[in-house]
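Numbers restart at 1 for each chain; the letters A, B, ... are given by sequence-line order, proteins then strands. Worth knowing before you read on, the calculation uses all heavy atoms, side chains too, and leaves out hydrogens, waters and symmetry mates.
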There are 2 protein chains.
Amino acid sequence: MKKIYNNQVEVVLDLIGGKWKSHIIFHLGSGPVRTGELIRLVAGITQKMLIEQLKELERDGLISRKSYNQVPPRVEYSLTNYGSSLKDILKVVCDWGDDYVKDRYPTAK
Amino acid sequence: MKKIYNNQVEVVLDLIGGKWKSHIIFHLGSGPVRTGELIRLVAGITQKMLIEQLKELERDGLISRKSYNQVPPRVEYSLTNYGSSLKDILKVVCDWGDDYVKDRYPTAK
DNA sequence: CTGTATCCAAAGCGATACTG
DNA sequence: CAGTATCGCTTTGGATACAG
């Protein structure tokens with residue numbers, strides 16, 4: 001189904017929205033990571049959510065999945081060029097959020 | 001209730017997430033706008049959603065509400081400094097989203 | 001015109017058990 | 001180890017009616 005966007009911010013919100021995607025992208029930032037490793041890195045995520053989000057990220061072209069056909073299974077995920085450039089955008093957003101929090105809640109840790 | 005954030009991207013997602021906030025910020029970008037005007041500008045939004053989102057944006061310090069005590073009522077919303085700086089961030093995000101779409105779906109309009 | 005209150009459907013998220 | 005399936009709770013969004 002074709003989706004209509006009123007502006008391109010929605011596009012990005014669809015890509016990184018939700019509770020986990022930004023974290024996953026963050027943890028893939030420095031190279032390929034295995035599935036099990038991701039579960040440990042992304043604190044609190046369940047296996048179901050992780051796989052779900054990974055599939056969406058792959059479908060959207062932000063990450064790529066490489067499966068080594070061996071037993072036990074070994075699968076690695078990494079950022080594509082899209083994912084990598086998005087990571088830079090997220091950095092900008094993150095910095096803004098940091099300033100905002102520091103500025104608005106200066107006493108909080 | 002205190003909320004724990006794993007990274008500052010979540011903070012921003014809380015501020016602009018959901019279906020409408022980025023649009024509202026966008027339409028407030030060029031100056032104060034009245035409530036009724038916003039309903040027309042933000043295509044498809046219902047009155048309930050608009051007021052709800054406006055209240056949250058005001059609570060978060062991104063917009064300010066000015067009420068002229070007259071009959072019939074007249075209320076105007078405008079961006080605060082926070083909101084204005086966030087608008088610039090959204091511009092960056094928007095541009096990235098634009099490139100992404102053009103790049104990935106070149107045939108679409 | 002601006003804002004509030006209900007009620008309801010859909011989506012998101014999570015716990016858990018299970019398969020190859 | 002990687003991935004799937006089910007079920008239920010919670011959150012979000014939307015239609016509608018109403019009040020100051």
_Pairs meeting criterion side chain to side chain donor-acceptor pair (under 3.5 Å) with involvement of residues 43-61 of chain A, two or more places apart_ = A/K21-A/E56
*Please state how far atom CE in B/M49 lies from atom C1' in C/dA10, giving the value in whole angstrom units.*
13 Å
Extract all donor-acceptor atom pairs below 3.5 Å that involve side chains of residues 64-79 of chain B and protein atoms in other chains or at least two apart in sequence.
{"unit_1": "B/S64", "atom_1": "OG", "unit_2": "B/S78", "atom_2": "OG", "d": "3.4"}
{"unit_1": "B/R65", "atom_1": "NE", "unit_2": "B/Y77", "atom_2": "OH", "d": "3.4"}
{"unit_1": "B/Y68", "atom_1": "OH", "unit_2": "B/E76", "atom_2": "OE1", "d": "3.2"}
{"unit_1": "B/R74", "atom_1": "NH2", "unit_2": "B/E76", "atom_2": "OE2", "d": "2.9"}

*Would you kindly give the CD-to-P distance between A/E10 and D/dT12, to the nearest whole Å?*
17 Å
*Give the rounded distance in Å between these two atoms: CG of A/D14 and P of C/dA11.*
13 Å
*Using a cut-off of less than 4.0 Å, is there contact between a side-chain N or O of B/R65 and OP1 or OP2 of C/dT2?*
no
Distances for protein N or O near nucleotides 4-7 of chain C N or O, under 3.5 Å:
{"unit_1": "C/dT4", "atom_1": "OP1", "unit_2": "B/K55", "atom_2": "NZ", "d": "3.4"}
{"unit_1": "C/dT4", "atom_1": "OP2", "unit_2": "B/K55", "atom_2": "NZ", "d": "3.3"}

*Are more than 12 heavy atoms from other residues, nucleotides or ligands located less than 6.0 Å from atom CG of A/D88?*
yes
*Give the rounded distance in Å between these two atoms: CZ of B/R34 and P of C/dT2.*
5 Å
*Of A/P73 and B/V75, the one whose closest DNA chain C nucleotide lies more 5'*: B/V75
*Give every residue pair that meets the side chain to side chain donor-acceptor pair (under 3.5 Å) criterion with at least one member in residues 29-39 of chain A, sequence neighbours excluded.*
A/E37-A/R40
*Respond yes when some side-chain nitrogen or oxygen of A/T46 is under 4.0 Å from OP1 or OP2 of C/dC13, and no when none is.*
no
*Between atom CD1 in B/I45 and atom P in D/dG13, what is the gap in whole Å?*
10 Å
*Can you check the B/K19 NZ to C/dA10 C1' distance for me, whole Å?*
11 Å
*Is it true that a side-chain atom of A/D103 and a backbone atom of A/P106 form a donor plus acceptor pair closer than 3.5 Å?*
no
*Output yes when at least one side-chain N/O atom of B/W20 is less than 4.0 Å from OP1 or OP2 of D/dG14, else no.*
yes
*asked:* Would you compute the distance between atom CG of B/N7 and atom OG of A/S22 and round it to the nearest 0.5 angstrom?
replied: 4.5 Å
_Matching residue for B/I24 among B/L57, B/L41, B/V33 - test: side chain to side chain contact (heavy atoms under 4.5 Å, CB included)_ = B/L57
_Inter-axis angle, terminal five-pair segments of the helix from C/dC1-D/dG20 to C/dG20-D/dC1 [nearest 10°]_ = 30°
*Between CD1 of A/I89 and CG of A/L15, what distance do you get to the nearest 0.5 Å?*
11.5 Å
*Hey, does the side chain of B/Y77 come within less than 4.0 Å of C/dG3's phosphate (OP1/OP2), counting only N and O?*
yes
*Residues in ring-ring contact (aromatic ring centres under 6.0 Å, His included) with A/Y100, at least two apart?*
A/W96, B/Y82
*Expressed in angstrom and rounded to an integer, what is the separation of B/Q70 atom CD from D/dG20 atom C1'?*
15 Å
*Roughly how many Å is it from CD in B/E52 to P in D/dG14, rounded to a whole number?*
10 Å
